[in-house]
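Presented below is the structure to which this report refers.
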Amino acid sequence: MIIFANIEYLWLLLLIPLLLVCYAISRRLRRRRIERFGDRELVEQLLPLSPKYKGWVKLTLVCLSIAFFAVALARPQIGATLKEREVKGVEIMIALDVSNSMLAEDYSPNRLERAKLAISKLVDRLRDDRVGLIVFAGKSFVQLPITTDYVSAKIFLNSINTESVAVQGTAIGDAIRTALRSFSAESENSRAVIVITDGENHEDDAVAAAEDAKSVGARVFCIGVGSNEGKPIPMDGSYLKDKNGDMVVTRLDEQTLRKVASAGEGLYVRAGNTEFGLNPIIDEIHSMEAKKYQSLVFEDFDEQYMYFLAIALLLLVIEMLVSERRSGRSIFDGKAAAIVALLLLVPTVVNAQEDKRDVRRGNRDFKKENYREADVNYRKALVKDTASAVAKFNLGNTLYKQEMYNEAATYMNGLADTLSTCRSKEELSRYHHNMGNLNMQLKKYQEAVDEYKASLRLNPTDMETKENLANAQKHLKDQQDQQGGGGGGDQNQQDQNQNQDQNKDQNKDQNQDQNQDQNQNKDQNQNKDQDKKDRQGQPQQEPKITPQAAQQMLQAIEDKEKQTQDKVKKEKAQKLEEKKREKNW
């Protein structure tokens, strides 16, 4: 079945009957002029170089050329957009480490880009399997749900970088558990998790997570990325350093990855420079039991416009060769060459229209709050036109709605100059307003204030922007006040907090001891009053504390002090352990 991608261009076919009518009228008027000049048959005998039918032949060729040209612009395609069919395959969740350690240059250009290239080749090998994508660092989230739309999978893959996850670290166990929650219910015993990482697990128990995967019918495969000798991590033109100022060297932890793969009944492969390691894992996955499930399969169209364009060009060439007179002069003169040049621009026009169509689809999905679908369409538009400012702006807004603020900033930053040349003041004001909102989420209050002011300069009556500006100025003032009174660094602040906690505990214990002593004194005073009543007339004697009682009181105070010191030490050890886990690579 043939369908048309740009069916609106078929309206050009209406030009054909219009041309035929106009030419017929011109021929009739010509005959009338000849009849006024003299006898029509006699005049025609005097004009032997004017054939009767060549004009119609040439016009027919032009009309046919226009018809094929219109069909070519409408982009005829063979295929179907969406088809539901029953397939057999395996569900594969790929968990990709996007921590800073993946920037190490063990591979060319670095670990992360090499892993993305390998995943792209993996997607090209898939047929009926479902695939999903998870990115993780200190936390993990689903970048692409389980799908058979491999085109979308590659688009999402291209957008991944180390800023895709705000919390740094490496939580392999959390990534595995996120993958388990992403599988469909019908894929039991046909599930595979592929973890691509350097294995430096900082956060959780990845082996326990792999055992959980095994219990629900999923196998865990691991690909180790890196080298045993380790590499430094490029960061901001230099190399990443730890809190002590020492250069961080990230090494491949094969031992951990082997344990994870073993616990998940999978396979561990170390990535090489030429063979990344996915081939043996894919072969192992294909040997797993395949499940039947209904799948909506997106089928790429087979473009046919080039054939119609070729026919249109051929008809124009024939029309140019057919002369209306023996002198060879054509009724269209040099216009045919202009038409040929116009036809050569068809691919450019088609690509531009396809880019705008993806943006329009994304806009419709955005209005329906289908942000995931809008994300896909905007990224498709950027694949076809990487310089599209509108697609970048709309994609940034979509990512903002999905609370992916860092990635939204990468697309929206620096678009003001481009938008100012092609958009209205109102639209440019909305851009600055949205940039202010984005910077507020990123806690960049000074930048947010500047953006809101730029928006108000273009649209001074926007009350929402005025309210947001006031809020941003308040946050900026609070931030400046906090930074001005903060004193030392984070370590000093933590030490102060620990000292305050320790002093509070000691003061609390001292108050308890004082209250206990006061109660004991109160009881002793009550006993003395009672003795005074019982022994009326007898001389009073001062109470004496026995050595045993004094020793017991001293021992109680020492025990209480020891408990307080143990509590403080325990809190210090706990905070120190938390600091050890706070790694930014």
Side-chain angles (χ1 to χ4, degrees), residues 98-100 135 137-139 141 159 161-169 235-236 243 366 369 371 374-375 389 392-420 423 425-498 500-501 575 578-579 581-584:
V98 294
S99 60
N100 287 331
V135 292
K139 293 183 179 180
F141 68 91
S159 66
N161 53 48
T162 55
E163 295 182 356
S164 298
V165 179
V167 180
Q168 283 297 318
M235 187 68 62
D236 299 329
K243 61 180 181 179
F366 188 90
E369 297 184 357
Y371 301 124
D375 192 326
K392 289 181 180 179
F393 177 61
N394 292 354
L395 177 57
N397 291 333
T398 304
L399 294 170
Y400 178 89
K401 289 293 187 179
Q402 299 177 79
E403 299 182 359
M404 301 166 64
Y405 304 121
N406 288 316
E407 189 174 356
T410 61
Y411 286 99
M412 295 181 67
N413 284 333
L415 293 180
D417 294 337
T418 304
L419 293 174
S420 63
R423 316 302 291 184
K425 286 187 177 181
E426 182 180 355
E427 292 173 321
L428 187 58
S429 173
R430 188 162 61 247
Y431 163 77
H432 288 294
H433 177 93
N434 291 357
M435 283 299 299
N437 293 344
L438 179 59
N439 284 311
M440 284 292 291
Q441 295 295 338
L442 296 173
K443 293 182 171 47
K444 297 180 179 179
Y445 301 123
Q446 182 60 60
E447 290 83 348
V449 169
D450 296 338
E451 292 292 347
Y452 287 136
K453 288 181 178 179
S455 178
L456 288 173
R457 282 193 291 268
L458 296 169
N459 187 10
T461 61
D462 192 339
M463 294 303 300
E464 182 181 356
T465 304
K466 291 181 179 180
E467 294 175 359
N468 291 0
L469 174 59
N471 185 33
Q473 289 174 333
K474 180 180 180 301
H475 280 83
L476 177 61
K477 185 177 181 301
D478 294 340
Q479 186 184 58
Q480 292 174 346
D481 292 342
Q482 184 178 3
Q483 291 176 351
D490 296 337
Q491 183 63 37
N492 294 334
Q493 184 66 32
Q494 291 178 359
D495 294 339
Q496 291 175 6
N497 294 336
Q498 291 177 359
Q500 290 175 0
D501 295 339
K575 291 182 179 180
E578 291 176 354
K579 288 181 64 179
R581 293 198 301 266
E582 294 174 356
K583 294 186 177 181
N584 61 343

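Reckoned from all heavy atoms, side chains included, excluding hydrogens, waters and symmetry mates. Residue numbers count from 1 along this sequence.
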Report summary line: Test side chain to side chain donor-acceptor pair (under 3.5 Å), reference Y452, set D462, T465, N437, output is N437
Report task. For the pair L476 and Q479, evaluate side chain to side chain contact (heavy atoms under 4.5 Å, CB included) and give the outcome as yes or no after the intermediate values. Result -> CA-CA 5 Å; L476 177 61; Q479 186 184 58; 4.0 Å; yes
Query raised in the report: Between S159 and S164, what is the shortest heavy-atom contact and its length?
Result: O-OG, 4.2 Å
Query raised in the report: Does the S455 side chain pair with the main chain of S429, one donor and one acceptor, at a distance under 3.5 Å?
Result: yes
Query raised in the report: Rounded to the nearest 0.5 Å, how far apart are CD of E451 and OH of Y431?
Result: 6.0 Å
Table please: side-chain donor-acceptor pairs of residues 400-407 below 3.5 Å, with sequence neighbours left out.
from: Q402; atom 1: NE2; to: D375; atom 2: OD2; distance (Å): 3.3
from: Q402; atom 1: NE2; to: T398; atom 2: O; distance (Å): 3.4
from: E407; atom 1: OE2; to: R379; atom 2: NH2; distance (Å): 2.8

Query - side chain to side chain contact (heavy atoms under 4.5 Å, CB included) evaluation trace for V98 with E163 - result: CA-CA 8 Å; V98 294; E163 295 182 356; over 6 Å; no
Query raised in the report: By salt bridge (charged side-chain N to carboxylate O under 4.0 Å, His left out), which residues pair with K453, not counting sequence neighbours?
Result: none
Requested in this report: With rounding to the nearest 0.5 Å, note down the distance linking OG1 in T410 to CG in N161.
Outcome: 6.5 Å
Report task. Please report the closest heavy-atom contact between Q168 and N100, naming both atoms and the distance. Result -> OE1-N, 2.9 Å
Query raised in the report: What closest approach, in Å, do V167 and A137 show between heavy atoms, and which atom pair accounts for it?
Result: O-CB, 3.3 Å
Report task. To the nearest 0.5 Å, tell me how far N434 CG sits from N397 CG. Result -> 4.5 Å
Report summary line: CD (E464) and CZ (R430) are apart, to the nearest 0.5 Å, by 11.5 Å
Query raised in the report: Once you round to the nearest 0.5 Å, how far does CG of N394 lie from CE of M412?
Result: 9.0 Å
Query raised in the report: CG/L458 to CD/E427 distance, rounded to the nearest 0.5 angstrom?
Result: 12.0 Å
Requested in this report: Taking all heavy atoms of A472 and all of A448, pick out the closest pair and write down the distance.
Outcome: CB-CB, 4.3 Å
Query raised in the report: Any chance the side chains of Q446 and D450 put a donor and an acceptor closer than 3.5 Å?
Result: yes
Report task. Taking side-chain contact (heavy atoms from CB on, under 4.5 Å) as the test, write out the residues that go with K474, two or more places apart. Result -> D478
Query raised in the report: Does T461 offer a backbone N or O that forms a donor-acceptor pair with the side chain of K466 under 3.5 Å?
Result: no
